[in-house]
*Asks:* 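Sharing a structure, written as structure tokens. Questions coming.
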Amino acid sequence: MKKVGKTTSMLLLAALLLSACSNGGNSGNTAAEATVQPTAAATQAAPEPSAKASASPEASSAPEAEPSAAPVTAGAASSTATQPAGDKGAASSTATQPAGDKGAVSGEQPAGGAPAAEVPLLYHMNKNYDIVPNEEGTNKKVVLLTFDDGPKEADMINSLIDTLDKHHAKAIFFVNGYRVKEHPELLKLIKDRGGIIGNHSWDHIVLKDKPYAEVKKQIEDVQKIVKEVTGEAPHFFRPPHGAGGDIGKKIAAENGLLYMTWSVGSLDWEMKEKDSNKTAKLITNVTDQLHSGSNILMHELPWTVEALDTLLTTLEGKGYSFADPRSIELKMR
């Protein structure tokens, strides 16, 4: 019995110790708590992770900040996308500017490459085919220089224009279509060297007795080929042999051409290679008829080339200067 009593006493003491430990506070071993109250621990732990999820851990990784940033980034991308669109607009505006520049460049640089020379309209042609000042005070002691029946040879063209350049003179080169067709490079040479090109019909035939359709073709085919070669159609028309008739005048007007014959003939076309003193004869032929506004007819001929420098020097010595064909109105009055 004593033995049993002793055992019982030890068990009671152990129970008291366990009870004391349990009542000793919340500072006890967590593992013991988990072992003693697993269900309660799990129940209390569940809301904490949920609270933590809306608090620090996930917020620190900023899962919502990234989506929030994503719209900002998208907005920036949208803005960036809009900016290129704006850039395209700017580029479009820039593209328009060069077009304007081209427009500006095309006004200043016509065909031929040189800037357009502004030549004032100072003269007109009267019914005698003389050059007359438009206003009082404009120099009336001028002559118009013209050469018919070309283009023939580069050497003659260059020599004529060399002499014209020496005297600061311009001239009209009245060309035939069939010659231009054979040697378009010669027409281009005249143009490139500053010569003014005129229409002298296609075949150099007498036009006054020809029907309307034939005269029209003779004149307009020259307009077409000259424009094809040089980029500009003629503004002056001289009928071969000075015989265009009313039909020639009408068709010239329809094409915006100033119709003219001449008022002073050099008679170089009557000269022959074997003739002597051709230069003196040519000069005498011109000076015998010379007057203010003289419209002088010459040709692309070797003896005219030889005589030209002396002729122009003689005219200058008499007080004459040379009318720029571009200064003449394209309507007779």
*Asks:* Is there a side-chain contact (heavy atoms from CB on, under 4.5 Å) between Leu186 and Ile190? Walk through the geometry before answering.
*Replies:* CA-CA 6 Å; Leu186 296 180; Ile190 295 172; 5.9 Å; no

*Asks:* Side chains of His167 and Asp309: is there a donor and an acceptor less than 3.5 Å apart?
*Replies:*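 Present: a donor and an acceptor within the cut-off.
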
*Asks:* Once you measure the plane-to-plane angle for Tyr129 and Tyr259, does it fall in the parallel (<30°), tilted (30-60°) or perpendicular (>60°) bin?
*Replies:*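 Rings of Tyr129 and Tyr259: tilted, as their planes differ by 30° to 60°.
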
*Asks:* Atom NZ of residue position Lys152 - does it have more than 12 heavy atoms of other residues, nucleotides or ligands inside 6.0 Å?
*Replies:*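 Yes, the 6.0 Å shell around NZ holds more than 12 heavy atoms from other groups.
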
*Asks:* Counting heavy atoms not belonging to Asp246, are there more than 12 under 6.0 Å from its CG?
*Replies:*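 No, CG of Asp246 has 12 or fewer neighbouring heavy atoms, counting only those of other groups under 6.0 Å.
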
*Asks:* Quick check: closest heavy atoms across Trp269 and His299, and the distance to 0.1 Å?
*Replies:*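 That closest heavy-atom pairing would be CE3-CE1, 3.3 Å.
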
*Asks:* So, Asp203 side chain and Ile205 main chain: donor-acceptor pair closer than 3.5 Å or not?
*Replies:*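 No, Asp203 side chain to Ile205 backbone: no donor-acceptor pair under 3.5 Å.
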
*Asks:* If you look at every heavy atom in Gly248 and Val215, which pair is closest and at what distance?
*Replies:*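 It is CA-CG1, 4.0 Å.
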
*Asks:* Going only through I, L, V, M, F, W and Y residues with side-chain contacts under 4.5 Å, is there a path from Leu207 to Leu257?
*Replies:*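 As far as the 4.5 Å side-chain criterion goes, Leu257 and Leu207 are connected within one cluster.
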
*Asks:* Can you name the nearest heavy-atom pair linking Asn295 to Met260, along with the distance?
*Replies:*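 Distance-wise, the nearest heavy atoms are ND2-SD, 3.6 Å.
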
*Asks:* According to a 4.5 Å side-chain heavy-atom criterion applied to Ile, Leu, Val, Met, Phe, Trp and Tyr, with indirect links allowed, do Val142 and Leu122 form part of one hydrophobic cluster?
*Replies:*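 Yes.
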
*Asks:* Treating Gln218 as the side-chain partner and Trp202 as the backbone partner, does any N or O pair qualify as donor plus acceptor under 3.5 Å?
*Replies:*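 Yes: the side chain of Gln218 pairs with the backbone of Trp202.
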
*Asks:* Does Val143 belong to the same Ile/Leu/Val/Met/Phe/Trp/Tyr cluster as Ile196, with side-chain heavy atoms less than 4.5 Å apart forming each link?
*Replies:*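 Looking at the clustering, Ile196 is in a separate group from Val143.
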
*Asks:* For Ser294 and Ile296, indicate whether the former's side chain and the latter's backbone hold a donor-acceptor pair under 3.5 Å.
*Replies:*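 Flag not set: sc Ser294 to bb Ile296 has no pair under 3.5 Å.
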
*Asks:* So, Arg326 side chain and Val119 main chain: donor-acceptor pair closer than 3.5 Å or not?
*Replies:*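 Not confirmed, Arg326 side chain does not pair with Val119 backbone.
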
*Asks:* Any ion pair linking Asp268 and Lys281 (charged N to carboxylate O, less than 4.0 Å)?
*Replies:*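 So Lys281 does not pair with Asp268 through a salt bridge.
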
*Asks:* Check whether more than 12 heavy atoms from other residues, nucleotides or ligands sit under 6.0 Å from atom CD of Glu270, and answer yes or no.
*Replies:*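 Above 12, so yes.
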
*Asks:* For the pair Lys216 (side chain) and Ile251 (backbone), establish whether a donor and an acceptor sit closer than 3.5 Å, ignoring hydrogens and angles.
*Replies:*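 Not confirmed, Lys216 side chain does not pair with Ile251 backbone.
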
*Asks:* Run through Leu330, Thr146, Ile197 and flag the one making a side-chain contact (heavy atoms from CB on, under 4.5 Å) with Phe236.
*Replies:*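 Of the listed residues Leu330, Thr146, Ile197, the side-chain contact (heavy atoms from CB on, under 4.5 Å) partner of Phe236 is Leu330.
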
*Asks:* Is there a chain of hydrophobic side chains (I, L, V, M, F, W, Y, each step under 4.5 Å between heavy atoms) that links Val264 to Leu164?
*Replies:*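 Val264 and Leu164: one cluster.
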
*Asks:* Show the nearest heavy-atom pair for residues Phe237 and Ala252, with the distance to one decimal.
*Replies:*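 Residues Phe237 and Ala252, closest heavy atoms: CD2-CB, 4.0 Å.
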
*Asks:* Are Ile131 and Leu121 connected into the same hydrophobic cluster when the rule is that any two of I, L, V, M, F, W, Y join if their side-chain heavy atoms are below 4.5 Å apart?
*Replies:*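 Different clusters.
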
*Asks:* Evaluate the ring planes of His200 and Phe174, with Trp represented by its six-membered ring, and classify them as parallel (under 30°), tilted (30 to 60°) or perpendicular (over 60°).
*Replies:*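 Rings of His200 and Phe174: tilted, 30 to 60°.
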
*Asks:* Could you tell me whether the side chain of Lys210 and the main chain of Val206 form a donor-acceptor pair under 3.5 Å?
*Replies:*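 Judged by distance alone, yes, a pair lies under 3.5 Å.
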
*Asks:* With sequence neighbours excluded, tell me which residues meet ring-ring contact (aromatic ring centres under 6.0 Å, His included) with Phe173.
*Replies:*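 ring-ring contact (aromatic ring centres under 6.0 Å, His included) list for Phe173, sorted by chain: Phe147.
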
*Asks:* Is the backbone of Leu297 close enough, under 3.5 Å, to the side chain of Ser266 for a donor and an acceptor to pair up by distance?
*Replies:*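 Pair found, side chain donor or acceptor close to backbone of Leu297.
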
*Asks:* I need the Glu214 CD to Asp209 CG distance, nearest 0.5 Å.
*Replies:*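 Between Glu214 CD and Asp209 CG, I get 10.5 Å after rounding to 0.5 Å.
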
*Asks:* Does Asn126 offer a backbone N or O that forms a donor-acceptor pair with the side chain of Asp130 under 3.5 Å?
*Replies:*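 Side chain of Asp130 to backbone of Asn126: no pair is present.
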
*Asks:* Using side-chain heavy atoms (C-beta onward) and a distance below 4.5 Å, is Glu300 in contact with Leu160?
*Replies:*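 Glu300 vs Leu160: side chains touch.
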
*Asks:* Taking Lys278 for its side chain and Glu273 for its backbone only, find out whether a donor-acceptor pair lies under 3.5 Å.
*Replies:*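 Checked: pair present.
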
*Asks:* Would a distance-only check, ignoring hydrogens and angles, find a side-chain to backbone donor-acceptor pair under 3.5 Å from Lys188 to His183?
*Replies:*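 Not a single qualifying donor-acceptor pair exists.
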
*Asks:* Which atom names give the shortest non-hydrogen contact between Val305 and Ser159, and what distance separates them?
*Replies:*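 Residues Val305 and Ser159, closest heavy atoms: CG1-CB, 3.4 Å.
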
*Asks:* For Lys181 and Ile225: C-alpha separation, side-chain torsions, deciding distance, then whether side-chain contact (heavy atoms from CB on, under 4.5 Å) applies.
*Replies:* CA-CA 8 Å; Lys181 184 178 180 181; Ile225 195 170; 4.0 Å; yes

*Asks:* For residues Glu329 and Leu258, report the shortest heavy-atom separation together with the two atoms involved.
*Replies:*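 Looking at all heavy atoms of both residues, the shortest contact is O-CD2, 3.4 Å.
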
*Asks:* Give, for atom CD of Gln289 and atom OG1 of Thr284, the distance between the pair rounded to the nearest 0.5 Å.
*Replies:*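 One finds 11.0 Å between CD of Gln289 and OG1 of Thr284.
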
*Asks:* Identify which one of Asp148, Asn199, Thr261 satisfies the side chain to side chain donor-acceptor pair (under 3.5 Å) criterion when paired with Arg238.
*Replies:*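 Output: one option passes, namely Asp148.
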
*Asks:* I'd like to know if Lys250 pairs up with Glu254 as an ion pair, taking the criterion as any Lys NZ or Arg NE/NH1/NH2 lying under 4.0 Å from an Asp or Glu carboxylate oxygen.
*Replies:*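 Glu254 and Lys250: salt-bridged.
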
*Asks:* For Lys141, does the NZ atom sit with more than 12 other heavy atoms under 6.0 Å from it, leaving out its own atoms?
*Replies:*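 Buried by this count: over 12 neighbours within 6.0 Å.
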
*Asks:* Going by side-chain contact (heavy atoms from CB on, under 4.5 Å), Met271 matches just one of Asn277, Asn285, Thr304. Which one?
*Replies:*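 Between Met271 and the candidates, side-chain contact (heavy atoms from CB on, under 4.5 Å) is satisfied uniquely by Asn285.
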
*Asks:* Kindly indicate, with the supporting measurements, whether the criterion side-chain contact (heavy atoms from CB on, under 4.5 Å) is fulfilled by Ile172 and Leu145.
*Replies:* CA-CA 7 Å; Ile172 303 175; Leu145 305 173; over 6 Å; no

